[in-house]
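Structure record follows, encoded as structure tokens.
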Amino acid sequence: MYFSQQKWHFLTTLESILYETTWYCISFSSFFATNGIAQTKKDNSLVATYLKANGSAAQYQYAYDQLLTMLHKNHPKTDKNADAYKYLNDNKSKAVAEILNDLEVVYTKHFTQEDIKEMLGFYRGEAAKQMIADRTKMTEEQKQELNAYYNSEVGKK
């Protein structure tokens, strides 16, 4: 019985952390995306492409990895919780995909397809790529392009 209780506690703790993180991210996205018209599900692939281009997908992969690191530190892997760790490692892609799917819903609700295309265009550019890689190495021209984007109608959303 102890094994099941420990495993249950471990999984419910992780689930709680992931749930809170997901809703924090959705709320954060909603805060910045206050205007726009609803989109259809066919636009989700465009949003998915955008989330990859702007680094969000990679950030959620990294966050999941950091969560596992924290769990290993606070709850070292043992024979008793090995199944839970296997589950977490085996389901990483699924968990991250679910978070990104939730973000797609937020984006398609608050941005038009044209907005998303404009955002994607910016994040495919050199200024955004440099910003994601290392903001401190942006050229003055890239900083001006970034400021212009942030001051645009879409950038203000």
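Since the model is a prediction, treat every value here as computed from it, not as a measurement. Both backbone and side-chain heavy atoms feed into the values below; hydrogens, waters and symmetry mates do not.
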Out of curiosity, [X] [atom1] to [Y] [atom2], how far, rounded to the nearest 0.5 Å?
X: Glu145; Y: Met138; atom1: CD; atom2: CE; result: 7.5 Å
X: Glu140; Y: Asn147; atom1: CD; atom2: CG; result: 9.5 Å
X: Thr69; Y: Gln66; atom1: OG1; atom2: CD; result: 5.0 Å
X: Lys129; Y: Arg124; atom1: NZ; atom2: CZ; result: 9.0 Å
X: Asp83; Y: Lys77; atom1: CG; atom2: NZ; result: 9.5 Å
X: Thr108; Y: Asp115; atom1: OG1; atom2: CG; result: 12.0 Å

Heavy-atom distance under 4.5 Å between the side chains of [X] and [Y], does that happen here?
X: Leu71; Y: Leu88; answer: yes
X: Asn101; Y: Glu104; answer: yes
X: Lys137; Y: Gln142; answer: no
X: Val154; Y: Phe122; answer: no
X: Phe111; Y: Glu118; answer: no
X: Gln59; Y: Ile132; answer: no

Checklist entry - Shortest non-hydrogen contact from Asn81 to His75? => result ND2-O, 3.9 Å
Checklist entry - Can you check whether Tyr123's main-chain N or O pairs, donor with acceptor, with Tyr149's side chain at less than 3.5 Å? => result no
Item to check | Donor-acceptor under 3.5 Å (Asp102 side chain, Ile99 main chain) | outcome: no
Item to check | Worked check of side chain to side chain contact (heavy atoms under 4.5 Å, CB included) between Glu98 and Asn91 | outcome: CA-CA 11 Å; Glu98 287 174 359; Asn91 288 284; over 6 Å; no
Checklist entry - Can you find a side-chain donor-acceptor pair between Tyr50 and Asn54 that sits under 3.5 Å? => result yes
Next on the checklist: Could you go through Lys117 and Glu114, starting from their C-alpha distance and side-chain angles, then the distance that decides it, and tell me whether this counts as salt bridge (Lys or Arg N to Asp or Glu O under 4.0 Å)?
Outcome noted: CA-CA 5 Å; Lys117 286 179 182 177; Glu114 290 74 29; 5.5 Å; no
Checklist entry - Are Val96 and Met70 connected in the hydrophobic side-chain network, where two residues link if heavy atoms are under 4.5 Å apart? => result yes
Item to check | Shared hydrophobic cluster, Leu51 / Tyr62 (ILVMFWY, side-chain heavy atoms < 4.5 Å) | outcome: no
Next on the checklist: Counting only heavy atoms not in Glu153 (residues, nucleotides, ligands), do more than 12 fall under 6.0 Å from its CD?
Outcome noted: no
